[in-house]
Amino acid sequence: SSRPVLTDCTFTSNSANQSSYLGGGGGMFNWNESISTLINCSFIDNSSGICGGGMTNSSSTAKLIDCRFTLNSTPDPYSSIHRGGALSNRQSSVSLENCTINNNSTNGYGGGIYNSSSSSMVITTCIFFDNTVGAVGVAIGGGIYNSSTSTMTLADSVLCGNANDQIYGDWTDKDGNCISLFCQDT
């Protein structure tokens with residue numbers, strides 16, 4: 001396991017071409033009980049073969065503060081198994097505070113974030129907009145996909161303009177959220 005603390009960093013135009021759900025993370029891959037803290041970091045135009053165009057967390061803990069994910073993708077146009085254009089979580093605990101997730105895409109689940117396999121996620125004061133899920137197979141969770149085995153708490157955040165929908169799956173509303181099909185003055 002590792003414990004990186006990264007501040008003021010940028011991950012740009014990286015790719016991961018994995019063939020299983022255990023890999024991924026075009027910009028960053030956290031695995032095997034790693035505990036990561038990222039402050040004021042940007043993930044821009046990264047891609048992954050299956051999961052987490054910007055970042056994948058697998059059996060890990062990640063805390064992201066003032067971070068931005070934009071133009072990340074899981075781009076294979078012929079497969080619907082892709083998950084998490086910006087961020088994919090599997091058996092992980094992840095918190096986002098004051099982050100922006102925009103213009104990310106996948107052909108499967110979670111244009112912005114894919115949260116699965118007993119993961120827990122806390123999102124506070126974040127904005128998700130213009131994330132998309134593609135046209136191959138069943139594409140749901142334009143902003144966020146939260147699986148039935150995972151938990152997610154959302155507070156003081158905005159989700160708007162994500163296609164096909166803003167959030168798929170159950171989540172806990174801690175108030176102050178604005179969830180809308182259309183964005184106004186994002």
Worked check of side-chain contact (heavy atoms from CB on, under 4.5 Å) between Glu97 and Val122: CA-CA 8 Å; Glu97 182 181 330; Val122 176; over 6 Å; no
Closer than 3.5 angstrom, by distance alone: can the side chain of Asn14 be matched with the main-chain N or O of Asn46 as a donor-acceptor pair? no
Would you give the length of the straight line joining atom CZ of Arg90 to atom OG of Ser58, rounded to the nearest 0.5 angstrom? 5.5 Å
Using a 3.5 Å distance criterion without hydrogens, assess whether the side chain of Thr74 forms a donor-acceptor pair with backbone atoms of Gly53. no
CD (Gln91) and OG (Ser150) are apart, to the nearest 0.5 Å, by 9.0 Å
Separation between CG (Asp165) and CD1 (Ile140), nearest 0.5 Å, reads 7.0 Å
Shorter than 2.5 angstrom, is that how the SG atoms of Cys160 and Cys183 come out? yes
Using 0.5 Å steps for rounding, measure from the CD1 atom of Ile44 to the OG1 atom of Thr12. 4.5 Å
Is there side-chain contact between Asn177 and Ser157, with at least one heavy-atom pair below 4.5 Å? yes
Check the pair Thr149, Ser118 against side-chain contact (heavy atoms from CB on, under 4.5 Å), reporting the backbone distance first and the verdict last. CA-CA 5 Å; Thr149 62; Ser118 301; 4.2 Å; yes
Heavy-atom closest pair, residues Gly25 and Ser48: N-OG, 3.7 Å
Is a donor on one side and an acceptor on the other found under 3.5 Å between the side chain of Thr56 and the backbone of Cys51? yes
Consider side chain to side chain contact (heavy atoms under 4.5 Å, CB included). Of Ser34, Ser119, Ser116, which one does Ser92 pass it with? Ser119
Quick check against the 3.5 Å criterion: does Thr61 have a side-chain atom that pairs as donor or acceptor with the backbone of Ile35? no
For the residue pair Gln166 and Leu181, establish whether any side-chain heavy-atom pair is separated by less than 4.5 Å. yes
Using 0.5 Å steps for rounding, measure from the CD1 atom of Ile127 to the SG atom of Cys99. 12.0 Å
Asp66 pairs by side-chain hydrogen bond (donor to acceptor under 3.5 Å, both in side chains) with which of Asn40, Thr7, Asn98? Asn98
Which residue in the set Thr106, Thr70, Asn104 passes side-chain hydrogen bond (donor to acceptor under 3.5 Å, both in side chains) when paired with Asn131? Asn104
If I compare all heavy atoms of Ser88 with all of Gly52, which pair ends up nearest, and what's the gap? CB-N, 3.4 Å
Remaining members of hydrophobic cluster (4.5 Å side-chain criterion), Leu64: Leu6, Phe11, Met28, Leu38, Phe43, Met55, Phe69, Leu87, Val94, Leu96, Ile101, Ile113, Met121, Ile123, Phe128, Ile144, Met152, Leu154, Leu159, Ile167, Trp171, Ile179
Atom pair CG/CG of Asn146 and Asn89 - distance to nearest 0.5 Å: 9.5 Å
